[in-house]
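For reference, the structure discussed in these notes is given below.
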Amino acid sequence: LETMKLCVSCKACRRECPTGVDMAKMKIEVLNAANKRKGLSLRDRLVGYLPRYAPAAALAAPLMNLRNSMPWLARLMEKPTGLSSKRQLPKWRRDRFRASDVARPRAGGGEAAARQVVLFADTFNPYFEPENLRAAADVLHRLGYTVIMPEPRSGSRPLCCGRTFLSAGLVDQAKAEATRLVEALKPHVEAGLRSFNRRMPEEVNRVLVDHLSDLLLCPTDAVVENLRREGADPPRILQVGDVMFDAVRIFSQRAETHRDLLDRLGLADGGYVLSTVHRAENTDEPGRLRAIVEALEEVASTLPVILPLHPR
């Protein structure tokens with residue numbers, strides 16, 4: 001356990017180890033098991049639950065910061081808190097960052113107002129270095145963007161990434177915070193995607209969600225145009241890039257380090273065809289499915305066909 005605590009969770013091992021060992025993840029699992037067996041220390045509570053008491057601590061910033069200016073107090077607190085007296089703690093700020101710091105209207109409107117950006121304030125910057133967030137918001141405003149601060153879908157507790165909970169092995173609490181953050185952001189991601197087939201349930205869902213959402217984040221010019229044709233208000237539309245493309249880039253790099261499938265199948269790059277058949281309108285109609293299989297058989301006479309299957 002003490003050895004695991006020396007891990008700083010940089011994840012260099014995950015990227016550089018040939019076998020992909022993730023020591024940061026192992027550390028979290030070890031700490032979680034230790035917490036269940038022995039309970040939480042005061043140090044782990046102070047670090048892990050920082051997002052919960054940060055608003056109150058910031059109000060009492062002068063009192064909270066006394067430890068840094070009084071060496072004897074730091075030494076007195078070292079044993080019960082587990083925090084070294086030789087280290088200065090982050091300085092609490094009474095002038096904490098608030099969403100209202102960026103809630104000022106921009107000049108102009110129309111197409112210009114559609115240039116929006118979501119700025120996520122983590123736990124540390126608002127209470128320890130609020131000037132970072134204010135500077136970021138100011139730069140974005142000067143670039144012509146309207147800055148949007150995500151808010152929790154329910155409750156008044158500020159959003160949190162859950163990183164402090166993970167550092168103390170509090171996996172359940174970290175999951176809860178991650179869920180709150182995703183819930184605050186997910187209604188607006190990948191708006192405007194259309195197959196133009198209203199027989200598909202997901203197509204109906206896409207249209208309904210897009211027309212109910214306040215902010216529409218679109219991956220491409222084409223889906224922006226889809227929303228405009230459907231009468232979406234331009235200030236609600238923002239093109240942010242294709243998250244699926246980003247995901248492919250990330251996982252293609254991982255696939256390059258685990259690419260033994262072709263060797264196992266006796267295939268070479270460019271020497272096969274990859275096909276998927278999973279839409280209900282293709283798999284649930286025997287005539288159409290038969291035609292697809294016959295077409296793949298014809299292709300297979302020239303090139304091998306890989307057909308991943310999953311149960312429906």
Heavy-atom check, side chain of [X] versus side chain of [Y], under 4.5 Å:
X: S167; Y: L31; result: no
X: Y272; Y: L265; result: no
X: R157; Y: P51; result: no
X: L133; Y: D101; result: no
X: P62; Y: R94; result: yes

Q. So, R134 and D138, do they make that salt bridge, N to O below 4.0 Å?
A. no

Looking at [X] and [Y], what are the two nearest heavy atoms and their distance?
X: G48; Y: A168; result: CA-CB, 4.2 Å
X: L216; Y: A232; result: CD1-CB, 4.1 Å
X: Q239; Y: D221; result: OE1-OD1, 2.5 Å
X: N32; Y: G169; result: ND2-O, 2.9 Å
X: P150; Y: L119; result: CD-O, 3.2 Å
X: A137; Y: V102; result: CB-CG1, 3.0 Å

When clusters are formed by joining ILVMFWY residues with side-chain heavy atoms under 4.5 Å apart, either directly or through shared neighbours, do [X] and [Y] land in the same one?
X: V47; Y: Y49; value: no
X: I148; Y: F120; value: yes
X: V171; Y: V30; value: no
X: V273; Y: V293; value: yes
X: L59; Y: M64; value: no

(Q) Apply side chain to side chain contact (heavy atoms under 4.5 Å, CB included) to residues L267 and I306 and explain how you reach the verdict. (A) CA-CA 10 Å; L267 301 174; I306 299 177; 3.4 Å; yes

Q: Go through the steps to decide whether Y53 and L46 satisfy the test side chain to side chain contact (heavy atoms under 4.5 Å, CB included), and finish with yes or no.
A: CA-CA 9 Å; Y53 65 80; L46 289 173; 4.1 Å; yes

**Q.** By side-chain hydrogen bond (donor to acceptor under 3.5 Å, both in side chains) - contacts of N226 (at least two apart)
**A.** R229

Q: Would you please test L83 and M77 for side chain to side chain contact (heavy atoms under 4.5 Å, CB included) and show each step?
A: CA-CA 8 Å; L83 301 174; M77 296 175 62; over 6 Å; no

[atom2] on [Y] to [atom1] on [X], rounded to 0.5 Å:
X: F165; Y: L50; atom1: CZ; atom2: CG; result: 9.0 Å
X: C218; Y: R228; atom1: SG; atom2: CZ; result: 9.0 Å
X: L76; Y: T81; atom1: CG; atom2: OG1; result: 9.5 Å
X: F97; Y: D122; atom1: CZ; atom2: CG; result: 10.5 Å
X: R180; Y: L159; atom1: CZ; atom2: CG; result: 5.5 Å
X: I237; Y: L227; atom1: CD1; atom2: CG; result: 5.0 Å

Q.
If the condition is ring pair (Phe, Tyr, Trp, His ring centres under 6.0 Å), which residues does Y127 pass it with, not counting sequence neighbours?
A. none

Q: Look only at the side chain of N65 and the backbone of A61, and say whether a donor-acceptor pair between them is shorter than 3.5 Å.
A: yes

Q) Can you check side chain to side chain contact (heavy atoms under 4.5 Å, CB included) on L40 and L170, steps first, answer last? A) CA-CA 9 Å; L40 282 175; L170 298 169; 3.7 Å; yes

Q: Assess whether atom CD of E225 is packed by more than 12 heavy atoms of other residues, nucleotides or ligands within 6.0 Å.
A: yes

Q) Which residue pairs satisfy the salt bridge (charged side-chain N to carboxylate O under 4.0 Å, His left out) criterion with at least one member in residues 52-62, sequence neighbours excluded? A) R52-E177

